[in-house]
Amino acid sequence: RIWLRIFEVAGMPGHSWRMSAHNAVIALLVLAGSPACVHAFYLPGVAPMEYEPGSRVELKVNKLTSVKTQLPYEYYTLPYCRPEGDIVHSVENLGEIMTGDVIENSPYDLRMKENATCKMLCKKPLEKVDKDKFRSYIDDGYTVNLIVDNMPAATKYIRRSDGGEFMFMNGFPIGMEKNGRYYIHNHLRFDLKYHSNPDEYENFRIVGFEVEPHSMVQATRADPSAPGGVVAMCSEGTAMELMDLDTYNEIIFTYDVYWEYSEMRWVSRWDNYLKMTGGQIHWFSILNSLMIMLFLSGMVAMILLRTLYRDITKYNELATAEEAAEETGWKLVHGDVFRKPIFGKLLAVSVGCGVQILGMSIVTLIFALLGFLSPAHRGGLLQSMMLLFTFMGVFGGYASARVYKVFNGEDWKTCTLMTAMLYPGIIFMIFFVLNLFIWGQKSSGAVPFTTMFALLVLWFGISVPLVFLGSYFGFRKEAIELPVRTNHVPRQIPAQAWFMQPFFTCAIGGVLPFGAVFTELFFIMSSLWQHQFYYLFGFLALVLIILIITCAEISIALTYFQLTAENYNWWWRSFAASGASALYVFAYSILYFSQRLQIDKFVSIILYFGYMSIMSLLFFLLTGSIGLIASFFFVKTIYGSIKVD
C-alpha cells in the first residue's frame, strides 16, 4: 500500500514511473515520514475524489477543438443544451488561458453507480443559422471535449493496422458528413469505470471515462413525473434513423450512463491516454543519437590528444616537417584568437538568452520527471515554462555580462537591457500579432488583454529586474583570464577552402543536433498540433542531454578545423554552427505541415508558422549558446597549453 501511495503522491500515471528517475527520491521522502503522513499528503490538484453511491458526479464541458483550424471555441458557441441558471466558468491558471481552455458547467446529471438510459437533456429548435454553424464546424472537424473528475472524455477506436488493438482519442466529433448530408451526434453513451478498496478508503473512485457518440432521431412522450413533463425514447440497432440536419427543424439531446467496476487503480487511470506509442522508435532514436554523440566524442578526444598532449610534451623538441605543417595553423593565430568579434554586444545578448532558455528547459524537465507536471494539471506545463523562464533571467543576465566582459565591453547597461528586452520583445510581438488574428476569429484561444497585462507584469516586474541582478553580479566579478594577448594589428586571414565557408560548416554543424532530436520533435509537434498527449519526459531528458553534448562537440570540432585554417573569426561561427539546427527544425515544420496536417485556412496557416518560428528562434538561441560556450572553453584550454614567445 505504501508503494501505491508513493505513486499517488507523485501524481504519476501507472506506466510512466518506469522511465522516470523520481521514484527513489519520492520513496525516500515518503518512507522517511510516518505512515500517517504517507496517507495524508497529496500534491495539489491530484488528490483522488471519493464518491458515495448516488452522489452527483459533475460533468464539465471544455472547448471545441479542431486539428484543421487550430482555433478553439467555447462549447456553448453551438446551440447545445445549457444548464439552468448561469454558466459557471472553472478557475483557470495562466497556462489554461494561454491554450484557450474554457471549462464550464453542464446540464448533464450523473450519479455514482446509477445507470440511466435515454435520459433527455433538452429539445431545441434548429434555425437556419444553427444548421449552418453545425455544418461549418463538422466540415472543419471540430471535436467536443468533456471532463469528469478531472479526466477528459475518451473515444475508443479500433486500430486495424495493429491487429484490432484499441486506441483512445481525446473528445468526440460533433457530427459527420456523408454523401453531402450532415448528421449530428445528439445521443451520447457514457461508460464510466469506478474502483473501490475498502481496506484503504471508503466509497468509490472514478478510474475511466469513455464516450460513445451516436446520431439518432428520438421519439418523445408525455410523462408528468419526468422533469419537463416529457421523456425521450431511443431506438437501438441498425434500423435507427440518423439525425439529418436538412430533414429536421428541431433536435433532441439524450444520453445513457453505464457504470462498471474496474480493477484499474486510481494511479493508473491515465494509462489509456498516455499509451507509449512507438516505444521502440524512441529507443532506436536515442541509440542513433548516442552513436552520433560517440562519434563526435571520439573526434574531439582525438583533437585534444593531438594538440594538448603533443604540445605539452614535444613543444621544445624538433618536429618533423609533416607535424609542423599540420600543427602550425592554429598556433599562428594566437595573437588574434580572442579578438573581439563584430556585433559582440549582440552575441553576448544571444548567449545570455540561450542560457536562460537552457536553465528553463532543465528545471522544467526535472519537475516533469518528479511528477509535478501531471497531465491532470491542464496548462501546468506551459505555465511552469513561462514562470521558470522569468526566474532564469538572473542566469541570462549573468551569462551575457561574463561574455561581454571578455570583449572588454563598457556599455554594460545597454547590454543588460538588450538581454532583458531584445529576444523576449521579438517573441512577444509575434505572439501579440498572432493573438490579434485569433481575436479576429472570435476564438476562445485569443488571450484576453488582462492576461496580456499579467504577462507584461511578469516580464517587466520580475524578469527584467532579475536580468539586471544577474548582470550586476556578472560585471562585478573579474573578467575571465585569457591565456594569450591580442595583437594590436589583426592578422590577414588566408583564402579559405570551399568546405570551410560559413554556409557549408553551418549546414554540417546543424544537421547533427537536429538528428539527435528529430524523433522527439515529431512527437512533440503531434502533441501541439494534433492534440495528442505527450508524457515521455524520461526520453526527452535523455534527448536533451544528448543534444547538449552533441552541440558542444560539433561546435568544438568545427572551431578547431577553422583555427587550423588560420581563420580566427570563430566567435559567431561557433554560435551559428550548432544554432543552424534551428533552420532544420523550421524546414521540418514545413514538411510536417504539408505531410501531416490538413490546415487550409489563412489564419490557421499564419498561426502555425508564427508559432513554429518562435519555437525555431528559441532552439537557435539554445543550441547556439551551448556551442559558443563549449568552443570558448576549448579554445581557452588549447591556447593555455602552448608557450608563446
Side-chain angles (χ1 to χ4, degrees), residues 94 338 340-341 343-367 382-429 431 454-482 544 547-548 551-552 555 571-572 574-575 578-579 582 614 617-633 635-636:
L94 187 60
F338 291 108
K340 177 183 174 181
F343 305 114
K345 191 183 297 178
L346 179 61
L347 182 61
V349 168
S350 302
V351 172
C353 285
V355 168
Q356 195 172 349
I357 296 164
L358 178 63
M360 174 201 72
S361 305
I362 292 171
V363 178
T364 300
L365 275 176
I366 290 172
F367 275 110
L382 181 58
Q383 177 173 270
S384 301
M385 290 176 68
M386 288 191 294
L387 291 175
L388 285 171
F389 181 80
T390 300
F391 292 120
M392 289 295 155
V394 65
F395 296 104
Y398 180 83
S400 68
R402 300 301 291 154
V403 173
Y404 192 54
K405 202 160 185 180
V406 169
F407 301 152
N408 296 318
E410 297 179 356
D411 192 7
W412 68 271
K413 291 180 181 177
T414 305
C415 178
T416 307
L417 198 62
M418 285 176 66
T419 306
M421 306 287 285
L422 179 62
Y423 291 110
I426 293 171
I427 292 169
F428 185 82
M429 285 306 299
F431 170 73
L455 293 176
L456 290 174
V457 169
L458 273 177
W459 182 12
F460 290 101
I462 300 176
S463 181
V464 173
L466 285 177
V467 170
F468 271 88
L469 179 66
S471 184
Y472 170 75
F473 287 118
F475 278 109
R476 274 193 64 184
K477 285 191 71 174
E478 288 294 322
I480 298 172
E481 187 177 349
L482 301 177
L544 180 63
L547 176 68
I548 292 171
C551 287
S555 193
W571 288 102
W572 273 110
S574 65
F575 190 95
S578 52
I614 291 176
L617 175 61
L618 294 175
F619 198 74
F620 170 71
L621 295 172
L622 169 69
T623 52
S625 301
I626 295 168
L628 183 134
I629 292 169
S631 292
F632 171 73
F633 285 106
V635 171
K636 182 173 175 288

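Only a predicted model underlies this, so the values are computations on that prediction, with no experimental measurement involved.
- The environment of OH in Tyr472 is sparse: at most 12 heavy-atom neighbours from other residues, nucleotides or ligands sit within 6.0 Å.
- Here the side chain of Thr419 pairs a donor or acceptor atom with the backbone of Cys415 at under 3.5 angstrom.
- The line from CE of Met392 to CG of Leu358 is 9.5 Å long, rounded to the nearest 0.5 Å.
- Judged purely by atom type and a 3.5 angstrom limit, Gln356 has no side-chain atom pairing as donor or acceptor with the backbone of Phe395.
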Steps toward ring-ring contact (aromatic ring centres under 6.0 Å, His included) verdict (Phe620, Phe575): CA-CA 9 Å; Phe620 170 71; Phe575 190 95; 5.3 Å; yes
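- By the neighbour-count criterion of 12 heavy atoms within 6.0 Å, atom CZ of Phe475 is densely surrounded, having more than that number from other residues, nucleotides or ligands.
- When the shell of 6.0 Å around CZ of Phe407 is examined, it contains more than 12 heavy atoms from other residues, nucleotides or ligands.
- Rounding to the nearest 0.5 angstrom, the gap separating the OH atom in Tyr398 from the CG atom in Leu469 is 12.0 Å.
- If you take CZ on Phe468 and NZ on Lys413, they are separated by 8.5 Å, rounding to the nearest 0.5 Å.
- Note on residues 396-412: pairs passing salt bridge (Lys or Arg N to Asp or Glu O under 4.0 Å), not counting sequence neighbours, are Lys345-Asp411.
- At distances below 3.5 Å, at least one donor-acceptor pair connects side-chain atoms of Ser555 with backbone N or O atoms of Gly627.
- Remark: Thr364 OG1 to Ile357 CD1 distance equals 11.5 Å, nearest 0.5 Å.
- Within a 6.0 Å sphere centred on CZ of Phe473, heavy atoms belonging to other residues, nucleotides or ligands number 12 at most.
- Checked against ring pair (Phe, Tyr, Trp, His ring centres under 6.0 Å), Phe428 has the following partners two or more places apart in sequence or in another chain: Trp459.
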